[in-house]
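A quick note: this is a predicted structure, and the numbers were derived from the prediction, not measured. Residue numbers begin at 1 in each chain, while the letters A, B, ... track the order of the sequences.
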2 protein chains.
Amino acid sequence: MPSEMSTVHLLREVAVQFGLRSAEFAAANGMHPTDVRALICLLDAERAGEPATAGRLGARLGLNSAGTTGVVDRLVRLGYVRRERDPHDRRRVRIVVDERAVALGEAAFGPLIGRIVDLLRTFTPAERDAIHRFLLGTVAAADPD
Amino acid sequence: MPSEMSTVHLLREVAVQFGLRSAEFAAANGMHPTDVRALICLLDAERAGEPATAGRLGARLGLNSAGTTGVVDRLVRLGYVRRERDPHDRRRVRIVVDERAVALGEAAFGPLIGRIVDLLRTFTPAERDAIHRFLLGTVAAADPD
DNA sequence: GTCAATTATCTCGCTGAGCGAGATATTATC
DNA sequence: GATAATATCTCGCTCAGCGAGATAATTGAC
């Protein structure tokens, strides 16, 4: 019967570890931690079918517009991403991820994701549902909206 | 019945949101994201009764020794932390957190932690246990040791 | 006991990530 | 059609964090 606080600290530990794994992967590929986080955000947006503009990316990374331009420049230079003007609102720049970026993401985080999926499968459906609801609630608690 | 993958993505989302909140708090207090992460690590170590040396801090933050010296210098300058030579192994520098740092941490993350604790209390003991075990397993899956 | 090897931290010099301020281009408002 | 609001980019600058190497303390081998 673990205390509520120990569970909260575990949650933080997960965040710390995810950050460390991203940073290690970044260093191993000549990228910066922010670049990896950006790529993850862009892949997430792509999967969710969301726009993926420069502005949204910056907000999600906590960067201002200048910093955002810098990240996108680096990803473009590495060939993981390209810029496309949004035809409907030509102020916007849509950021399109290349297949190479998808492959990179899988190579980097596939094994970790696989281990977590395996872990989830050791729980009953009811338990999995509770875990999912808890994480949903945590995101809501952390996201001011 | 959410898919395993959607739960994994939620977990990543939690990590992203925690990072954002830390970065916002850092900016609001004239600190850098790394400084806040360092403070959290030091407070965690203190609570767990672990040593909290410069080297361990650097490893946990993914910094090399030069960068670690820099973080500690900044925290010392801000008065949140002080250096103390370990009497048993005088190569080591123990990093002692000030009460001000504890108060700062509570002010910054207390409300969020409170919301998550409240959230946990909406689950049955069995569900809470499953959540805790899942997070334990996730840390193990992410931490190469 | 002493000399080398190892460990923990720090210093120095440098690169570049990300900030603030402001420019530019596009769209919405009146 | 002028004005305001929005989205992104450019420029110049600061400082976080890296690599290389110095310093100091400890451990191990002989």
Side-chain angles (χ1 to χ4, degrees), chain A residues 19-20 22-42 45 50-78 80-96, chain B residues 19-20 22-42 45 50-78 80-96:
Chain A
L20 275 178
S22 292
E24 281 168 9
F25 171 71
N29 287 66
M31 304 169 74
H32 293 263
T34 303
D35 302 351
V36 178
R37 288 167 52 213
L39 222 41
I40 290 173
C41 286
L42 293 172
E50 282 172 17
T53 68
R56 280 186 185 235
L57 177 63
R60 234 178 129 66
L61 296 176
L63 299 179
N64 75 1
S65 67
T68 306
T69 299
V71 189
V72 177
D73 281 350
R74 273 174 270 149
L75 292 178
V76 168
R77 203 178 312 135
L78 290 166
Y80 293 137
V81 135
R82 68 176 187 280
R83 285 179 168 92
E84 272 180 14
R85 282 281 163 192
D86 184 329
H88 297 306
D89 183 346
R90 300 213 356 254
R91 293 169 300 183
R92 288 202 175 96
V93 167
R94 285 173 40 181
I95 298 167
V96 185
Chain B
L20 274 177
S22 292
E24 281 168 11
F25 171 71
N29 287 66
M31 303 168 75
H32 292 263
T34 302
D35 302 352
V36 178
R37 287 167 53 212
L39 221 44
I40 291 174
C41 286
L42 292 172
E50 282 172 15
T53 67
R56 281 186 186 235
L57 177 64
R60 235 178 128 65
L61 296 175
L63 298 180
N64 74 0
S65 67
T68 305
T69 299
V71 189
V72 177
D73 281 351
R74 273 173 269 148
L75 292 178
V76 169
R77 204 178 310 134
L78 290 165
Y80 293 137
V81 134
R82 67 176 187 280
R83 285 180 169 94
E84 274 181 12
R85 281 282 163 192
D86 184 329
H88 296 307
D89 183 344
R90 298 204 7 247
R91 292 169 303 182
R92 288 201 176 98
V93 168
R94 286 174 39 182
I95 298 167
V96 185

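Within the model, atoms CG of B:L75 and OG1 of B:T34 stand 10.0 Å from one another, a figure rounded to the nearest 0.5 Å. Distance CG/A:D35 to CZ/A:R77: 9.5 Å, rounded to 0.5 Å. Atom CZ of B:R74 sits about 12.0 Å away from atom CG of B:L39, to the nearest 0.5 Å. Rounding to the nearest 0.5 Å gives a distance of 7.0 Å between CZ of B:R37 and CG of A:L20.
For the pair A:G55 and B:R74, nearest-nucleotide mapping onto DNA chain D gives the more 5' position to A:G55. If you find the closest nucleotide of DNA chain C to B:T53 and to A:D35, the one lying nearer the 5' end belongs to B:T53.
The interatomic distance linking B:D89 (CG) with D:dG28 (P) rounds to 12 Å, in whole Å. Rounding to whole angstrom units, CG of residue A:D73 and P of C:dG16 are separated by 14 Å. As rounded to whole Å, 14 Å separates atom P of D:dA7 from atom CG of A:L57. Between B:I95 atom CD1 and C:dC10 atom P there is a gap of 8 Å when expressed in whole angstrom units. Rounded to whole Å, atom P of C:dA8 lies 12 Å from atom CZ of B:R85. Rounding to whole angstrom units, CE of residue A:M31 and P of C:dG18 are separated by 12 Å. Summarising the geometry, the separation between CG on A:N64 and C1' on D:dT6 is reported as 16 Å, rounded to the nearest angstrom. In this entry the distance linking CZ of A:R56 with P of D:dA7 reads 10 Å, nearest Å.
Distances shorter than 4.0 Å separate some side-chain N or O of B:R83 from OP1 or OP2 on C:dC10.
Side-chain atoms of A:R91 and base atoms of D:dT8 include no donor and acceptor less than 3.5 Å apart.
In the set C:dC10, D:dC9, D:dG19, C:dC10 carries the atom at the smallest distance from any side-chain atom of B:S65. For B:T34, taking side-chain heavy atoms from C-beta onward, the closest of the listed nucleotides C:dG18, D:dA16, D:dT8 is D:dA16.
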Could you spell out the base pairing of DNA chain C in dot-bracket, with Watson-Crick or G-U pairs whose two distances are under 3.5 Å, [ ] crossing and | to another strand?
-> ||||||||||||||||||||||||||||||

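By the side-chain hydrogen bond (donor to acceptor under 3.5 Å, both in side chains) test, A:R85 is found to be paired with no residue, residues two or more places apart in sequence or in another chain being considered.
Using a 4.0 Å heavy-atom distance criterion, B:G70 is classed as making no nucleic acid contact. Within the nucleic acid shown, B:A54 comes within 4.0 Å of sugar-phosphate atoms alone, with no base atom in reach, counting heavy atoms only. Among the protein residues, B:R94 comes within range of no part of the nucleic acid, since none of its heavy atoms lies under 4.0 Å from any strand. Among the protein residues, B:T68 comes within range of no part of the nucleic acid, since none of its heavy atoms lies under 4.0 Å from any strand.
Panel note: side chain A:N64, backbone A:A66; a donor-acceptor pair is recorded below 3.5 Å.
A salt bridge does not link B:D89 to B:R94: none of the charged side-chain nitrogens sits closer than 4.0 Å to a carboxylate oxygen.
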